[in-house]
Amino acid sequence: MGSNKDRASIHRKGAGVIAATMAFTVATAGATGASAAAPRRGAASEALTIWVDSARLPMAKAYAKTHPGVDVKIVTFDGGANGDGSIESKVALFNRIGRGWPDIIFSEEANDVQRLAAPQFQNFSAVLNKGLVPDKVLSGYAKGALYPCMVGGKLECLRNDMAFDVLWVNMPLMKQWGYTVPSTWQQWQAIGESVAKNHPGYIVGTAGDSFDDSIYLQAAQCPVNEVVNAYTVLDNPNDPHCTRMGKLLDPLLTDKSLPVVYSLASTFGKQYANKTLMLIGPAWYSGAIFEGTGSEFNSPKGTWAAYPPLAWGSPTARAFTGDVGGGLWIMSSHAANPKLTAQAMTWLATSTTSQDLSQGYPGYVPAARSWIAQQDKSQFFAKPLAPTFAKAVGEVWTGWSESQWDVYGLWASNVLPNLASGSTFSSQIPVLASQISNAAAVAGFQVVTKR
Amino acid sequence: MTVTTSLPAPGRALRRPGSGLAGGRRRAGYLFVSLYVVLLVLFGVAPTAYALYLSLTRPGSKWAGLHNFLATAHDYRFVPALEHIAVYLLVWLVVLVVLVLLLALLLHGGIKKLVPVFRFLFYIPGALAGSASVLVWLFMLDPPISPWHPVESLFHLSSLPQVVEPGHLPFIFAMIAFWTGAGGWIVVMNGALNNISDEVLESARIDGANAVQVALRVKLPLIRKWVVYMVILAFAAGTQLFVEPTLVSTASFGEVSQFWSPNQLAYYTAFTEANFNYAAAISVDLLIVCALVAGLLVFRSKLFEIE
């Protein structure tokens, strides 16, 4: 908030000019974003500029160390976290001045490639499946891993890590209270109601995150954000797959066993580290919530275990799960040396040297095997993560599309406040659908309710 | 035949423009404002002209007429953003004017020895950088770590998602803005009150006015132009609200929309959707509103008339 205290000039006519100019200046000052722009250096063909967030910095440094012949300039930025649009803002500015693009960008947002596919970004992302990245590399990816990278038939990024949801269980507490680990949503709900009744204050999940739409609605196969073809999105909140999940969650919101709190806020651990029986959440909860001093709970060894995604109705039914993010490696179509850039990006996204440093489950299968073996070596979790993760990675429901609009942002700003003030989950699915419809229309999409 | 000879006014014939003491003062005046004028043109007038140009054109510099203005006005995010900022301005300006004047008058009428101490205390929050002071508030708002947790509990607020509900935001942002910006204005108003001649105040007292009457009937009318000046700048700053909702949006993991205020919407449109023309149109909308309100206040209050 600005405040001018230019007392000396207040009684002079000149102050009118000053005041008016201030009003004009602030009125037109819409753009104040700090720039992390890395100016392109010279014309050295063996030079690369790589933008990464702090979590991916070790990977970029590992590339620089193992490729001494390449002049690597590493720039750290926020990775476009929480859909803040930092990548788009920089690309838009570089497009305006016609220079300055980095060669490789790491994005924390799974929909950034879709955003960058909008015409105004002038084909920033390089197309990788037309010779830049070998087919044998692409075929090594887990099923569905490259789905967020597909724009039409063109592959425009490489997936770093997968973010499928699993069931996280507090094993000592589960045993102490005599519950059986659930394998269906209905069993999980029954435990939630029992916990609310017999152990008030304890929780079986959370419902205050921007990505809860993905955790619950994607797992239920709710078709509110399925891009069915170019510029058409299927958005039907009245589909039974949507309403059934709403009905299942409503009682748990009421009895507080599913509280509306941010699971990634620094206060979550303080409130719930010793009050959580189960969580449904992404694979990266392992490090973010449970393991290590930087995690929310910093739980003792052997407390938590991961179980496969819940099925609907019957334990033998095919389970589907949500996909909460997962980072992307994006290559600039303006790269001076496309071959070298593509090789570097492939190394970052698929090599075990790089991916062993990943914070999430790698999308590239050989790297994932190495990564999960490293994770399980510490025996921090009550049972190995590998079998659960290997099963869950193939159960992501692909009817929940990555899109130009930020569905997490729409959920967070339009639905979460209502949930926090006591609205039911059921009542908020149409709210999300309506917001998606608005955002899709702004992006030039047609909205349909039937396939 | 009558010959009328008019004599030059004293001094006029002796001091040609550009010479002597007056000329020297004039040159010094130009010199002093020249740097400001250069910066004003570079960072004030030129960007404004560029924004006007962008708002009236399409990508590729094609003439667009009012298309950008109409398209942004029909954007589903535009009207809510205007509503948010209107409610915020209402809360913020009323709170600012009432409390700043109240505290400034109390300060001016208080014990003289304590005035410098309170003036310093009022000013301290304003000395913090804008974003840093907003971050302080993020801690103040989050119930599990807030020192005001007992007060928040009275309103049944136990988590940040509840605290930052849409209905609370204008009040939260007004609180932050007051805390960070009002101290400076209290000091300014105190300065204005100090300019009132003691004789005027003494005369009022001799005429039988008590302290409240002196404050309301003598002091306030004499600092009226300063209040108008404050309202003009606070209105301009308020319509540009950006830092507060942006930081609270980040802290709330998106619960506060990234396009809560029109200025945020302009930023989002420019840099996330890469539509600079639409963003310029929204900025020009704000410019027009600010200029109209400033003009209205200036002319109604005769702000720049020299008495």
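Proteins get letters first, then strands, A, B, ... in listed order; numbering begins at 1 in each.
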Sequence neighbours left out, what passes salt bridge (charged side-chain N to carboxylate O under 4.0 Å, His left out) with B:D75? Give chain and number order. B:R77
Flag yes if more than 12 heavy atoms outside A:N274 fall under 6.0 Å of its CG atom; otherwise flag no. no
Measure distances from B:L160 to the heavy atoms of chain A and classify the residue's part below 4.5 Å as side chain, backbone, both or neither. both
Under 4.5 Å from any heavy atom of chain A, what part of B:Q258 do you find: side chain, backbone, both or neither? side chain
OH (B:Y76) with more than 12 external heavy atoms under 6.0 Å: yes
Listing, residues 253-261 of chain A side-chain donor-acceptor contacts under 3.5 Å, not counting sequence neighbours, or none:
residue : atom : partner : partner atom : Å
A:T254  : OG1  : A:D250  : O            : 3.0
A:D255  : OD1  : A:S257  : N            : 2.9
A:D255  : OD1  : A:S257  : OG           : 2.7
A:S257  : OG   : A:G192  : O            : 3.4

For B:T239, is it the side chain, the backbone, both or neither that has a heavy atom under 4.5 Å from a heavy atom of chain A? neither
If you count heavy-atom pairs under 4.5 Å between each of A:G85, A:G409, A:P417 and chain B, which one has the most? A:P417
Most heavy-atom pairs under 4.5 Å with chain A, out of B:P144, B:P161, B:S257, B:S252, belong to B:P161
Tell me, for B:T246 versus chain A, whether the close heavy atoms (under 4.5 Å) come from the side chain, the backbone, both or neither. neither
Nearest heavy atoms of B:A274 and A:Q120, plus distance in Å: CB-CG, 3.5 Å
Report which part of B:V293 has an atom under 4.5 Å of a heavy atom belonging to chain A: side chain, backbone, both, or neither. neither
Taking side chain as everything from C-beta outward and backbone as N, CA, C, O, which of these in B:L54 sits under 4.5 Å from a heavy atom of chain A? Side chain, backbone, both or neither. side chain
Residue B:A251 versus chain A: region with a heavy atom under 4.5 Å: backbone
I need the B:E273 CD to A:F121 CZ distance, nearest 0.5 Å. 8.0 Å
Report the residues that fulfil salt bridge (charged side-chain N to carboxylate O under 4.0 Å, His left out) with A:E88, sequence neighbours left out, ordered by chain and then residue number. A:R115
From A:Y408 OH over to B:F253 CZ, what is the distance, rounded to the nearest 0.5 angstrom? 14.5 Å
Working to the nearest 0.5 Å, report the span between CD of B:Q162 and CG of A:L419. 11.5 Å
Checking heavy-atom separations under 4.5 Å from chain B, one finds in residues 262-269 of chain A A:Y262, A:L264, A:A265, A:T267
Mind checking the NZ-CZ spacing from A:K90 to B:F271? Nearest 0.5 Å is all I need. 9.0 Å
Checked B:T250, B:T269, B:V256, B:D142 vs chain A; the most non-hydrogen pairs under 4.5 Å come from B:D142
Whatever's closer than 4.5 Å to a heavy atom in chain A on B:Y268 counts as side chain
Looking only at A:N438, A:L416, A:V91, most heavy-atom pairs under 4.5 Å shared with chain B are made by A:N438
Pick one of side chain, backbone, both or neither for A:A443, based on which atoms fall under 4.5 Å of a heavy atom in chain B. neither
Contacting moiety of A:D209, where chain B heavy atoms sit under 4.5 Å: neither
